[in-house]
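Working notes for the structure below.
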Amino acid sequence: MRYILQCEDSIEGIFSAVYIAWELKYGHENTSIALWDVTEGQTPELFSEYIRVEPDSLKAEKVLRTMKRQCCPLVYERLFHAAYADAEDKADVIYRYIRLALKMGNKVLNHLSDATVVRMMELCRAVGNERHHYAGFLRFIEIPGNVLLARYEPKGRLTELLMPHFVDRFPEETFIIWDVRRNVAGFHIPGREYFFMELTPQEKAHLWEYTEERIDAENLWKTFVESISIKERENKKLQRNNIPLHFRTFMPEFQKEEEG
């Protein structure tokens, strides 16, 4: 019999499932972890029992505290980065990596003959590369109330990783980083801790309305970019290498002029 723990796609959800995997004592070789979104609608596997795990901050914190105490900061960091990746298998990879780390200690970092370790490095590299790109490509506009707003559609769940970077850059600014794909936003108000929340339909509509009011300003920016460019020296292939297409959705200089 195999046991498949189903969890929410979040830090609390994934690490709560890891805690339950140890608590149930069904045997690690017989247990795996999958995200709710991945397993919903799928045909259940034969000889498998599906167990739904609700997020529990206390259980997740116990797992993270154990890993922080027994492993080096790099192992701990990799667990977090993998949890933010856009990958269906990440929950199970994290679970198997934790098992290896508790057994091998920091040697797990260089245990490249193991498929789990290699997959963990791939997830972390993908998240790190995307975060690095958005740290440079994210575009802010000013909306009513002297608030800066940045919209983007990342592959991974990057908002929590990007907020510290932009808090350091704009400590005196009130700003919002809005993950349009997941409808989650990070908020920063000077002098306070930044926080995250899912937007209501009304809040989402207001933010879209504010951004539509910025069309004239965005067109001015596009005109400026076009005025300083030299068409004879344009290199579209190099542009795509430096700024891949999926980063350009909310970059005004890559949008077509509004008709009329």
Side-chain angles (χ1 to χ4, degrees), residues 1-42 44-45 48-109 111 114 116-117 119-121 123-124 126-127 131 156-164 179 182-187 193-198:
M1 176 68 74
R2 291 191 64 238
Y3 301 90
I4 301 175
L5 307 185
Q6 299 169 294
C7 67
E8 178 184 83
D9 186 0
S10 68
I11 294 290
E12 286 188 358
I14 293 172
F15 289 101
S16 294
V18 171
Y19 181 94
I20 295 298
W22 254 270
E23 187 178 62
L24 292 178
K25 298 180 180 180
Y26 288 147
H28 293 310
E29 299 304 321
N30 304 321
T31 306
S32 61
I33 299 176
L35 302 175
W36 288 341
D37 295 342
V38 175
T39 54
E40 284 181 357
Q42 287 187 350
E45 296 181 15
S48 296
E49 180 180 341
Y50 289 78
I51 303 171
R52 190 177 179 91
V53 177
E54 298 294 335
D56 186 314
S57 58
L58 293 178
K59 291 177 180 177
E61 179 59 31
K62 287 181 181 178
V63 174
L64 292 170
R65 191 163 56 242
T66 298
M67 298 307 299
K68 193 171 186 177
R69 183 175 62 250
Q70 298 196 20
C71 301
C72 70
L74 184 54
V75 172
Y76 186 76
E77 179 182 291
R78 284 187 177 179
L79 294 174
F80 264 98
H81 280 207
Y84 293 125
D86 180 32
E88 294 184 350
D89 63 339
K90 65 181 180 181
D92 199 52
V93 171
I94 290 171
Y95 171 47
R96 288 185 277 118
Y97 191 82
I98 288 176
R99 288 160 48 193
L100 280 172
L102 292 177
K103 181 180 179 180
M104 303 180 62
N106 298 331
K107 293 180 180 179
V108 70
L109 294 169
H111 190 46
D114 190 283
T116 295
V117 177
R119 181 58 178 153
M120 173 64 77
M121 292 179 64
L123 296 180
C124 293
V127 170
R131 179 195 175 279
R157 307 174 73 91
L158 297 185
T159 308
E160 292 185 42
L161 297 178
L162 286 171
M163 285 298 290
D179 181 346
R182 299 172 180 84
N183 197 34
V184 173
F187 294 79
E193 290 289 330
Y194 59 84
F195 60 95
F196 307 91
M197 61 180 289
E198 185 174 345

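- Taking the six-membered ring where tryptophan is involved, the planes of H28 and Y95 are perpendicular, since the angle between them exceeds 60° and thus also 30°.
- With hydrogens and angles disregarded, no donor-acceptor distance shorter than 3.5 Å links the side chain of S32 to the backbone of D92.
- Between D114 and R96 no salt bridge is recorded (no basic side-chain N to carboxylate O distance below 4.0 Å).
- Across all their heavy atoms, A83 and I11 have their closest contact at CB-CD1, 3.5 Å.
- Here the side chains of R99 and W22 are in contact, with some heavy-atom distance below 4.5 Å.
- Using cut-offs of 30° and 60° on the angle between ring planes, the pair Y26 and Y3 is parallel.
- Ring-plane geometry between F80 and Y84 is classed as tilted, the angle between the planes lying from 30 to 60 degrees on a 0 to 90 degree scale.
- Environment of CD in E193: sparse, with no more than 12 heavy atoms of neighbouring residues, nucleotides or ligands closer than 6.0 Å.
- Listed for the R182 side chain is a donor-acceptor partner under 3.5 Å among the backbone atoms of G156.
- Checking side-chain atoms of K59 against main-chain N and O of Y19 turns up no donor-acceptor pair under 3.5 Å.
- Between M1 and N30, the shortest heavy-atom contact is O-CB, 3.8 Å.
- In this structure, the side chain of R131 engages the main chain of L161 through a donor-acceptor pair within 3.5 Å.
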